[in-house]
Amino acid sequence: MRCKAVVSSFAFASFLLSSAASSAFAAPSDDAQIRALRLEMAQMRKEMMGQISTLKVRLARSEATAHHVGRAGTATTAAENSRATRRVITSGPVDPSVQFAEPAPGANRIHLANSGTPTSDRGDIMSWKSFKAATASDEDVHVGGMIIGFPKGRFTIASEDAAYALSIGLAFHEDFGGFFNAGPRRGEGRGAFNSFTSNMRRLRIPFTFRYKNFVAAVTPDFGANHNDGYVGLYEGNLNYTGLRNTILTVGYFQPRVTEEDSESSNDFFTLERPSITDMVRNIAAGDARFSVGALHYEKRWWIAGYFTGQEWGHRNASDSSSTYYGGGSGTTMDSQTGATLRVAGRPVATKDWDVHVGASGISAFRLACNAASSTSSSATSCSRSTSFGQRPEFDIGEANLAATGAISNAKQVWAAGPELGVRWNRLLVKGEYYHVGVQREGAGLKSAGFQGWYGSAAYTIFGTPRMYSEKSGAFTAPGVKDNEEFNPALNHWGALEVVGHYSVIDLNSNLGDANAKNVIRGGQQTVWTGGLNWYPNRHFRLMLDFSHFIVSRSEQATNIYGRTGNSVAARVQAGF
């Protein structure tokens with residue numbers, strides 16, 4: 001009632017001022033004095049309207065709280081009290097001499113979780129409860145019943161109860177660098193091993209639309225290729241988050257399989273994933289794969305499983321092997337189906353130690369069936385095949401040196417293997433091994449088998465070290481707290497880490513078999529990589545990698561006799 005009285009008093013005063021101004025303007029006086037009086041009256045009215053606007057917001061909140069207490073018969077919760085005392089900024093000027101017992105700006109701010117780790121490169125799917133908590137933990141602006149803020153570092157517009165929300169993010173990865181001492185031997189093709197070039201590796205703009213526990217994520221990617229100039233879709237899916245620590249998903253999605261693939265690309269140790277994890281995930285997962293499934297997580301364990309289908313654009317003939325997704329065909333008569341399963345545990349979780357163990361399995365139990373020609377409407381049969389090939393872990397358009405070529409009569413493809421990760425204070429060591437099998441059908445044909453593994457290490461020199469993420473069942477990037485952000489004047493330098501990994505894939509199978517159709521010589525590729533990653537704050541990163549690769553001979557025109565080389569690559573990264 002007191003607030004209503006104050007509002008009424010301000011309104012009455014505003015009316016009197018308007019009347020007085022009209023009378024003053026009607027009286028004959030000096031023109032300069034009239035103009036000055038008009039300006040003074042207008043300013044007073046503007047200030048009063050600003051105070052009225054502020055009081056209306058406070059009155060609405062007070063009435064809403066009183067209504068809630070009366071309906072429930074209990075006092076408000078601690079969370080509601082926190083929101084009631086949070087700093088509110090409204091449009092219109094406010095007289096600084098009028099005090100409303102507000103806290104000092106930012107005094108009750110709750111800092112973001114995860115000590116300033118980078119945002120995700122994808123739609124951040126969380127429950128309505130978690131979203132409200134994230135919204136409440138940041139300073140925000142209240143305008144016309146809407147909340148505008150940056151929960152978890154991502155621009156978000158939400159309704160007052162956070163039931164409706166739209167979030168817009170950014171994943172910007174610009175790579176540049178080149179190869180040296182990587183020339184071909186006599187008789188080999190050179191391949192696209194540029195001495196210097198650049199590539200927009202990722203340019204994703206995640207849009208996340210929310211209504212309570214229903215979330216739609218749509219992320220176009222303007223860097224969806226090994227070469228600049230290709231626009232694709234990273235994800236387009238619907239999610240339900242109403243079950244505890246569970247996310248149900250349907251649509252084009254990146255199914256979480258392998259530890260490395262469960263991490264955001266904003267968190268990678270080096271510019272690219274180890275070859276074996278990239279190879280395994282593309283069997284029946286990878287980016288923009290049609291998926292139906294769920295993940296669930298707890299403090300000590302994590303599980304996710306998905307039924308999967310084709311990749312986005314896979315039945316489009318323009319999606320040729322040169323694009324990011326690859327393998328597109330306008331003659332597909334029967335699309336691929338498959339499944340993924342990943343389980344992980346965290347037997348040790350202390351301040352100084354984290355131990356991660358897990359296993360991943362993936363299978364394409366029916367490969368895409370493509371007709372031999374584009375006149376597939378009258379075709380009665382089709383063929384199923386697969387292939388594997390990996391670049392030397394630097395993705396600026398170079399050719400594959402290790403590659404199997406087409407493997408015909410492929411019935412099923414599968415992969416499985418263990419994961420292990422150990423963090424001790426600032427040091428993190430992790431690795432994975434996978435065996436890949438290709439079941440073939442046909443007289444005299446044997447199944448093919450491939451394998452690969454990697455070991456990686458990272459040490460955070462300064463800043464918050466890499467920590468474990470329960471939600472992803474994987475490790476995050478280093479963090480930069482608010483009071484550690486790059487500022488040379490205060491001797492603050494963000495976070496810096498040194499990283500390295502050893503990566504191997506073996507794409508040879510049945511080399512000694514008498515039947516030439518069973519012999520697959522894809523070569524063995526070994527890559528040594530070392531690098532530095534600097535984080536001036538949670539939203540930006542600069543990466544520098546040096547790699548040395550050794551590839552035994554394959555059947556590629558660029559690698560007839562075996563090939564070695566080096567690369568130096570850098571990335572500038574922004575994430576919101």
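FYI, side chains are in, hydrogens and waters are out, and symmetry mates aren't considered; it's all heavy atoms of this structure. Keep in mind that this is a model prediction, so the values were computed, not measured.
Residues passing the side chain to side chain contact (heavy atoms under 4.5 Å, CB included) test with Glu441 are Lys411, sequence neighbours excluded. Every residue two or more places apart in sequence or in another chain that forms a side chain to side chain contact (heavy atoms under 4.5 Å, CB included) with Leu496 is listed here: Ile461, Phe462, Trp534. For Glu484, the salt bridge (charged side-chain N to carboxylate O under 4.0 Å, His left out) criterion is met by no residue, not counting sequence neighbours. For Gln451, the side chain to side chain donor-acceptor pair (under 3.5 Å) test picks out Tyr433, with sequence neighbours left out. In terms of the side chain to side chain donor-acceptor pair (under 3.5 Å) criterion, residue partners of Glu470 (sequence neighbours excluded) are, by chain and number, Arg346. Under the side chain to side chain contact (heavy atoms under 4.5 Å, CB included) criterion, Ile560 pairs with Glu188, not counting sequence neighbours. By the side chain to side chain contact (heavy atoms under 4.5 Å, CB included) test, Ala569 pairs with Leu271, Phe394, sequence neighbours left out. Residues forming a side chain to side chain donor-acceptor pair (under 3.5 Å) with Thr337 (at least two apart in sequence, or on another chain): none. The salt bridge (charged side-chain N to carboxylate O under 4.0 Å, His left out) check on Glu393 picks up nothing, with sequence neighbours excluded.
Of all heavy-atom pairs spanning Val438 and Phe450, the tightest one is CG2-CE1, 4.0 Å.
For residues 301-310, the set of pairs meeting the salt bridge (charged side-chain N to carboxylate O under 4.0 Å, His left out) definition, not counting sequence neighbours, is empty. Applying the salt bridge (charged side-chain N to carboxylate O under 4.0 Å, His left out) test to every pair with at least one member in residues 553-574, sequence neighbours left out, gives these pairs: Asp175-Arg571, Glu272-Arg571. Residue pairs that meet the disulfide (SG to SG under 2.5 Å) test with at least one member in residues 381-447, sequence neighbours left out, are Cys369-Cys382.
Salt bridge present: Glu263 and Lys430 bring a charged side-chain N and a carboxylate O closer than 4.0 Å.
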